[in-house]
Amino acid sequence: MNSDTELAPAVRSILEAARERSGGDAVIDVDARSLSDALADAEAEGRVPVIAEVKPTSPTAEGTRDDDPVELARAMVDGGAAAISVLTEPTHFGGSPDALTRIREAVDVPVLRKDFVLDEPGMDVVAADLLLVIVRFVDDLEALVAAARERGFQPLVEVHDRAELEAALAAGAEIIGVNNRDLARLEVDLETFESVAPHAPADVTLIAESGVSSPADVRRMRKAGADALLVGSAVMDHGAGDSDVTENTRRLTRAESAESTTEETT
Ligand SMILES: O=P(O)(O)OC[C@@H](O)[C@@H](O)c1c[nH]c2ccccc12
């Protein structure tokens, strides 16, 4: 793991909290719903594959949404989301493992557990179809990827630059997310995905994460090679408490349809 001193203070505090949280005591054994099937279904139906994220708040959000997480997830699926991501981090993102369990019972698409998992006990907190593993934060990536698979999770390995992409590939990652948000300054730059994506082999499922807010951003990331997009803020719209999550999602899942490309330019 790289030194924490290069990280934004909010990220350092997230990591400290993660180190203090205890893991599960029984090893998870999950029968996961396939992400690649869900992405293929979306494509076959003409929807852009979007993994929509239930994120009540975040260090960069403008507010908090305290709607029922299950209702939010259902609204995202109604808007055409191919999968759901659920923040389970409690202290900085307002998430909970219990919300993930309830969401996974309520929807039939794959559910990603989004958290700061640092070791094997950290994986055994809740069953999910996919588990996020962030290259920058773990010591033995290969062992964690293997441990995730032994439990039945599909590991989504998050990278931010080309060196981390190489590490992810060397550890056997098959699903890789390129985070457009820089964890040192918490700033978003869609060029991150554009610069890393060309170096990924074609058989990897490549996900553009963070900072996608408009249909034009969706098309830009797809053009750069994104098999799917992970979108939180634009779907949750934290600043506007009662914003329509189904519509927010639909606008992005339809970004490649003829109406969207002619009517919406932004
Ligand atoms: O809200 P955005 O910009 O659409 O981003 C979603 C997602 O990519 C972001 O929440 C995220 C990416 N990697 C993470 C790691 C931990 C917590 C959160 C994240």
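Read the numbers this way: they start at 1 and go in the same order the structure lists the ligands and their atoms. We number each residue from 1, following the sequence as shown.
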Of His238, Arg181, Glu209, Lys114, the one whose closest heavy atom lies nearest atom 7 (C) of ligand 1 is Lys114
List every atom of ligand 1 that sits less than 4.0 Å from any heavy atom of Gly232, numbering the atoms from 1 in the order shown and giving each element.
-> 1 (O), 2 (P), 4 (O), 6 (C)
Under 4.0 Å from one or more heavy atoms of Ser233, ligand 1 contributes atoms 1 (O), 2 (P), 3 (O), 4 (O)
Glu158 heavy atoms within 4.0 Å reach ligand 1 at atoms 12 (C), 13 (N), 14 (C), 15 (C)
Salt bridge between Asp244 and Arg250, side-chain N to carboxylate O under 4.0 Å?
-> no
Do side-chain atoms of Asp182 reach the backbone of Glu187 as a donor and acceptor pair under 3.5 angstrom?
-> no
for atom 8 (O) of ligand 1, nearest protein heavy atom and its distance come out as Ser210 OG, 2.7 Å
May I ask whether Thr60 places a heavy atom under 4.0 Å from ligand 1?
-> no
Would the number of heavy atoms belonging to other residues, nucleotides or ligands and lying under 6.0 Å from CD of Glu166 be above 12?
-> yes
Glu71 CD: over 12 foreign heavy atoms closer than 6.0 Å | yes
Interfacing atoms of ligand 1 (cut-off 4.0 Å, heavy-atom, Val231) | 4 (O)
Sub-4.5 Å side-chain heavy-atom contact between Leu230 and Lys114 | yes
Protein heavy atom at shortest distance from atom 10 (O) of ligand 1 = Glu53 OE2, 2.6 Å
Tell me, with the steps shown, if Met236 and Asn248 meet side chain to side chain contact (heavy atoms under 4.5 Å, CB included).
-> CA-CA 8 Å; Met236 296 291 294; Asn248 296 345; over 6 Å; no
re atom 16 (C) of ligand 1, the protein heavy-atom contact at minimum distance is Phe116 CZ, 3.2 Å
Mark the output for Val212 as yes if a heavy-atom distance to ligand 1 is under 4.0 Å, and as no if none is.
-> no
Applying side-chain contact (heavy atoms from CB on, under 4.5 Å) between Thr88 and each of Leu100, Val54, Leu132, report the one that passes.
-> Leu100
Any atoms of ligand 1 less than 4.0 Å from a non-hydrogen atom of Leu132? List them with their elements.
-> 15 (C)
Per-atom filter on ligand 1: closer than 4.0 angstrom to a heavy atom of Gly211 are 2 (P), 3 (O), 4 (O)
In Val231, Leu252, Thr253, the residue satisfying side-chain contact (heavy atoms from CB on, under 4.5 Å) with Val218 is Leu252
Any atoms of ligand 1 less than 4.0 Å from a non-hydrogen atom of Lys55? List them with their elements.
-> 1 (O), 2 (P), 5 (O), 6 (C), 9 (C), 10 (O)
Exactly one of Leu229, Ile175, Val157 clears side-chain contact (heavy atoms from CB on, under 4.5 Å) with Ile207, and that residue is Ile175
